[in-house]
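To keep things clear, I will list the structure first and then write my remarks on it.
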Amino acid sequence: MTGVTDLIAAVATPAGSGAVSIIRLSGPGLLTALDQVLIGAGDLAKRPRSLVLAKAKDLSGEIVDEVLAVFFPGPYSFTGEDCAEIQCHAGLVTPNLVLEAVLGAGARMANPGEFTQRAFLNGRLSLDQAEAVAELVAAQSRSEAILARRQLSGALKERIDPIVRQLTALAATLTAILDFEEPWEETDKARLTSDLTRLQKDLDYLLTLRREGRIFREGLKIVIAGPPNAGKSSLFNALLGLDRALVSPRPGTTRDYLEAAVSWAGLRVELIDTAGLWAESTDELDQLGQDRTRERMSEADLILWLKDLTAPNPPSAPSNVLQGDLKEADNPADADIPVLEVHTKADLAQSPAALEPQALTISAKTGLRLDQLKREVLTILGVKAERPPELVPNYRHQKALEETAVFLNEAAKALADGAPPDIVNLEITEALTHLGQITGRVMTEDLLTEVFSHFCLGK
Ligand SMILES: Nc1nc2c(ncn2[C@@H]2O[C@H](COP(=O)(O)OP(=O)(O)OP(=O)(O)O)[C@@H](O)[C@H]2O)c(=O)[nH]1
Ligand SMILES: [Mg+2]
């Protein structure tokens with residue numbers, strides 16, 4: 001890993017309209033650089049962590065803005081280095097003029113995520129906490145924001161660290177047995193076995209939180225599918241509360257799928273409107289549209305299968321769709337995607353008797369039972385609580401937890417098979433390598449790139 005030695009700067013707020021913009025700096029030589037840019041910079045060192053009124057000037061000496069600046073001396077700053085933030089007027093021009101002045105005074109433009117990366121490299125944040133910074137900023141629902149905030153406060157790290165400590169202690173015990181050729185007593189083995197079982201339970205618990213809480217963290221994908229003209233786009237628009245998709249009595253109106261996000265009970269729900277399946281058309285574009293429908297269906301958390309009761313012989317067998325068409329999408333999980341059959345155009349039904357009493361019958365036109373539809377979707381997906389679990393590991397954490405569990409399992413097996421301590425130790429050391437990647441105790445250049453490549457500028 002490269003040593004961190006230079007002064008970096010970036011605009012930390014989004015470009016465009018707004019009242020205030022923030023230019024962020026971190027690294028050595030910060031006060032010297034600000035001395036060249038800010039008239040009034042002398043107060044920064046005298047009053048750290050307090051707002052200081054100053055004037056920012058460009059290289060020609062022109063005052064470009066009156067600003068508020070604050071100095072956070074290292075090592076107790078966000079990055080662990082000397083840091084500063086300059087608040088100026090927002091817009092397309094002024095923040096960049098201030099940034100240019102700072103760059104002219106010796107700072108380098110920061111890479112995306114570089115501030116947070118420095119915070120990690122300087123031990124101010126663990127890797128999962130650093131990830132949480134990006135997740136908090138990217139959150140699109142209340143539950144996502146809350147989970148990211150908890151992770152940033154160390155909720156996951158506090159669960160991982162004790163497991164790491166206990167595994168390290170087990171490895172140390174095994175090494176001692178090896179080094180001093182101490183007898184490998186049955187009682188030692190029994191204790192080791194019970195320790196391993198306990199730690200496996202801890203990992204299982206975290207993996208359960210992932211399974212149960214994934215949708216609170218990543219949202220839900222709901223695909224609206226069915227034959228042409230079933231009312232898919234009408235339902236899509238009604239659920240969005242927007243006239244987003246084209247609707248017409250002509251079958252085959254929607255050819256390409258459409259996506260839009262809504263919030264249901266604090267969860268991010270991505271709705272996908274698709275081209276109708278089983279169109280009789282032999283048109284190549286229709287076929288391509290249907291292929292996309294099947295692809296989207298194979299990635300869904302739930303499929304709403306629409307059945308237009310006013311149409312002659314509406315196909316009502318989404319399970320056939322799953323077994324037939326979708327299996328070709330070669331995703332083994334396909335068969336498990338729940339399907340909710342929804343009868344549409346209730347307002348056109350001749351008489352209430354024409355409606356199937358068991359079925360969920362809605363009207364996109366009048367809004368009839370759309371709330372019930374949402375409730376049924378959440379119930380089917382097992383969203384029992386309105387609140388997410390205490391913490392939810394992300395996909396990267398899940399993979400690391402699973403790998404750790406594999407090696408702990410191997411260690412337990414080796415122990416049961418009467419393997420020598422060095423073999424058991426090898427498995428435990430492997431487990432530690434994977435577990436350590438969650439908090440970044442174990443780090444590689446690839447992992448660093450993987451995590452920080454998702455960041456945007458100024459974070
Ligand atoms: N009365 C009534 N008409 C509806 C309702 N939902 C859809 N329609 C009508 O049914 C026709 C087809 O609706 P769309 O929403 O375009 O159907 P679709 O399933 O998206 O159709 P394709 O994109 O062609 O596959 C349109 O004329 C809609 O106005 C409803 O709840 N009530
Ligand atoms: Mg449509």
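Both ligands and their constituent atoms are indexed starting at 1 by order of listing. Since we're looking at a predicted model, the values are computed, not measured.
- Remark: Lys201 does not engage Asp204 in a salt bridge, criterion side-chain N to carboxylate O under 4.0 Å.
- The side chain to side chain contact (heavy atoms under 4.5 Å, CB included) check on Pro162 picks up Arg165, Gln166, with sequence neighbours excluded.
- Between Lys221 and Glu259 there is no salt bridge, since no side-chain N of the basic residue sits under 4.0 Å from a carboxylate O of the acidic one.
- Scanning for side chain to side chain contact (heavy atoms under 4.5 Å, CB included) contacts around Lys459 gives Thr116, Val137, Phe455, Cys456, with sequence neighbours left out.
- Between the side chains of Thr13 and Ser21, at least one donor-acceptor pair of N or O atoms lies under 3.5 Å.
- In the model, Asp128 has a side-chain atom that pairs as donor or acceptor with a side-chain atom of Ser126 under 3.5 Å.
- Ligand 1 is surrounded by Pro228, Asn229, Ala230, Gly231, Lys232, Ser233, Ser234, Val247, Ser248, Pro249, Arg250, Pro251, Gly252, Thr253, Thr254, Gly276, Lys345, Asp347, Leu348, Ser363, Ala364, Lys365, each with at least one heavy atom closer than 4.0 Å.
- A side chain to side chain donor-acceptor pair (under 3.5 Å) with His397 is found for one member of Arg210, Glu402, Glu131 and no other, namely Glu131.
- Salt-bridge annotation for Glu341 and Lys307: present, with a side-chain N of the basic residue lying under 4.0 Å from a carboxylate O of the acidic one.
- The Mg ion (ligand 2) has Ser233 OG, Thr254 OG1 as its protein N, O or S neighbours under 2.8 Å.
- Within the cation-pi definition used here (under 6.0 Å to the ring centroid, within 45° of the axis), Arg292 does not qualify as a partner of Tyr257.
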